[in-house]
Structure formats: structure tokens, C-alpha cells
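When reading the values below, keep in mind they use all heavy atoms of this one structure, side chains included, and skip hydrogens, waters and symmetry mates.
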Amino acid sequence: MKNTRRRSAQKKGDRGRRRPNLISKMPDDVLVMILSLMPIKDAAVTSILSTRWRHLWRNLLRLNFDGTKTLKKMVKDKKLCDIERDKYIKQVYNVISSYYNHPMVHDIRIRFDLDDSHSKAIDDWVQFALDKKVERLELDLLDKNYAVRDPDENYEFWLPSSSMAGEMFMFSLKKLFLKGVNLNETTLNIILKNSPHLEKLYMFGSDLFPRIHVGGQEINLKHFKLVDCSGFESISLYGFDLVSFIYCGPEIQFHLSDLPKLKELDIGEVSVGLENNVFGQISSCAVNLQVLVLDMWSPQKDLDVNAIIKFPNVKKLLLVMGAEEDECLLEFTSIAQACPRLETFSISLHWYTPTKRRRKVRRVASPHVHEHLKLLEMIGYYGRNSDVELAVYVIENAAALEKIVIDPCCHASGGDFTTEDFLKREQAARSSAKRQLTPILPPGVDLAIL
């Protein structure tokens, strides 16, 4: 009994002792690094912890004004929109006002539902970025649902009239991300030609101008990405060391030339080899490509096999195809056959209400040996004949095949289907994949069904 009381008293004593505060023993630079991982609003709250923490957050070189949590509240209650926008704008002003005597800031990120009616505030924030010589600037102004708004309502990216401030900003800038932000031709040219260290330019939901021309040895851009942008008809890229170009949007004309370091090309929403002759437009840079992504939303149209060009160094190929009907898609393996060094072949099948047809599984008329192909990835596999045909083609023609990954993820959206409906379809697809592919799997090849 005495021993029991003694142990109980000891436990109470242990609870009473204050445990060492390991965080407080960390040096300031480590604490600042931890704070840099937080949205600035949360980092500023730490100032109430103690005297030491009071001004610690003001040493942050990365200001992340991430309003995602608030945006989710606005989606649920639209009455909060105007109130929360005003609060967000005041919060940003309050923080940057405490940084005016700070020598520099490396990274600024704005994420909130703001449009052209808030131009004055956003202009001030851009000016602040210029003054602080930021290396990375992100203006993510997409609406609360993360959707693209009417281009006329977008904020127009602004540069100050003072060329001195603009030149200082451009000299330090390495990464620029614009979402829901419009850009005119003059401003784009100023940014590109006065940014010797700019390597990444990403625009999402931006309204641009009819003909985009980017070229010349003074351009340092390495990675260029355009997603769901509007207002332009063609893009010309030439004469600089571009490494990757990603485009997803309406059909436009591409003019790519003298891009010796271009390794990755991703062209979305195209009708391959038909209306816009995509192979002809990218032929000048085909030799150096190592990663190729092509979206084909109308595979039911006949593919002009003769239009396909050779990609001698492509190691990764992703074909994104509309697969509403259970039509044979084997003709698109001709693109894989044009890649003699192919190692990873990914196929993403998009459908809304997949149709299954009763017909025999077809095989290609003239088999082609893929000597280096090691991995097949099939996304959107549903177990239809068209799915099985593609898998069988690779199994029979990939001499070095090591693994097949089946992802039954359903890309369909809208309609009256519930999450439960989609989950049931995915489970049915997993069962079909196991039943259809396991018996024909070569020895040593791993089948992973996600």
C-alpha cells in the first residue's frame, strides 16, 4: 500500500515539474526557418508567446499571405466575401508596413479572391515587391472556388513608371507566378528583357494578347507555363535556352525554333495530327525532347499516322485521351513507336459515362518491339476492351517491361453521380484489372493496382 502511494506521489511530482522547452533553446535562425513555413498571419500570432518571440516573425524573408482557410469560409457563406476581402487587404498592409525598414524580402505570395476593383492595393504590393528586390513573386488572385473569372475582371499586372525601381526588381527576380492576372505585351517584354535571372514564368487564367513572341539571347527563361489563358492565337518561342514548355488551353498555332535545350514539351487540348498539325509545329525541337505530353480529346477521329514524326530521345511519353466510347485506341501506339528510347509510357483515359461494347480484343497488325520500355502507367482504366488492348500491346511488345501501374481514378465530373458512385466504379475497375491482366502478366513483371 505504501509503495502504491509512493508511486502515485512520484507521478504527481513528475507532472508538476515543468518539462524543458526545447523550442526556446533553438537559435533564432532556426525559429525563423520554422516560421517561414507558415502563412504570415499564423507566424505573426507567435509574437504573443514571449518577449523573445515578439519581433521574431519580422525577420521572415518569405511573406506568405495565404488566405485559403478564409476562402473556404467565403464559399460556404457569400455574405462574408466583402468583409473578408477588406480584412485580408488590411492584414497585408499591416505586415508590409512593418517591413519598410527591412533591407530585403526574398519571396512574396498573395493568395486571395481579388479582382480589378482592388487594383490600388495590389499595385502597392507590387511596388513593395519592387522595393524589396524579391526573387519570387506570386499573385494568385483566382476566385474563392479557385476558378478562372471573366478576363475583363482580372487585375492587370502593373509596373511603376520609375524605370529605376523596375530595373532593380527585374534584376533580382527569378520566379514569377501570375494566376487570374492579365498581362499586356509591353509589360511582358519589359519583364523578359530586364530580368537576367528570371527562370520560371507561370500564368494561369490570364488574358493576354493575340501574338506572343518570346526570343533572343538576352532571355534567360528556362521554364514557361501557360494554363487556361485567353486572348491569344499564336505563340512563338525561339533563340533562347528554354528547358520546358507547358501549354494547356484552346487550340493555337505554335512556332518553336532554335530551342536547343528544350527537354520537356506538354501540349494540352490538341487534335493530334489533324486540324492544327501539331507534329509539324513541334518538329524543329523533336530531336532534343526527353519528356512529351500530348492531350487528345477527340481520338475517335482518324489519326494521320504519316504525320507522326520521330522523337529519338523521348524517354517519357504521356498521352491524355478522351475515352467516352469503347473504341480501339491502338492506332495511338504509333506515337510510342516513334520514340525508340521510350522507358515510361503513361496513358490517361478521360471519360464521363464509359461505354462497354461486346467485341473481340484486337491486336496491332504489325508488332513493334520497345527495347527500353520498363514502365506502363494506365490512369482511368475501367476494364473495357479498349483498355485491355492497350495493356496487351505493351505486354507483348515491351522486351524490358518491369512494372504495370493501374490507376482506376475516374476523371469524370459533373452529372448526378455521387462520390459513392465513383468509388464503386473504381472498385469495379480494380477487380476487372486484376481479372484481365494477372493471367497474361509475364514472369518478373510487377502489377500494381492502386
Ignoring hydrogens and angles, write down the donor-acceptor pairs under 3.5 Å from the side chains of residues 201-219, residues two or more places apart or on other chains.
residue, atom, partner, partner atom, Å
Ser206, OG, Val181, O, 2.6
Asp207, OD1, Ser230, OG, 2.9
Gln217, NE2, Gly239, O, 3.2

Would a distance-only check, ignoring hydrogens and angles, find a side-chain to backbone donor-acceptor pair under 3.5 Å from [X] to [Y]?
X      : Y      : value
Asp387 : Tyr382 : yes
Arg341 : Phe311 : no
Asn288 : Pro260 : yes
Glu153 : Asp115 : no
Ser172 : Val134 : yes
Arg136 : His106 : no
Ser432 : Gly383 : no
Arg149 : Leu114 : yes

Hey, is [X] close enough to [Y] for a salt bridge, meaning N to O under 4.0 Å?
X      : Y      : result
Asp107 : Lys175 : no
Glu138 : Lys179 : yes
Lys90  : Asp86  : no
Asp82  : Arg85  : yes

* To do: Report the C-alpha separation of Asp123 and Gln127 in whole Å, then their side-chain angles, then the decisive distance to 0.1 Å, and conclude whether the side-chain hydrogen bond (donor to acceptor under 3.5 Å, both in side chains) test is met.
  => CA-CA 6 Å; Asp123 287 348; Gln127 179 68 67; over 6 Å; no
* Structure fact -> With Asn182 as partner, the option from Asp152, Asn154, Asp116 fulfilling side chain to side chain donor-acceptor pair (under 3.5 Å) is Asn154
* Asked: Any luck finding a side-chain donor-acceptor pair between Tyr88 and Asp113 under 3.5 Å?
  -> no
* Between Gln253 and Ser234, a side-chain donor and acceptor under 3.5 Å -> no
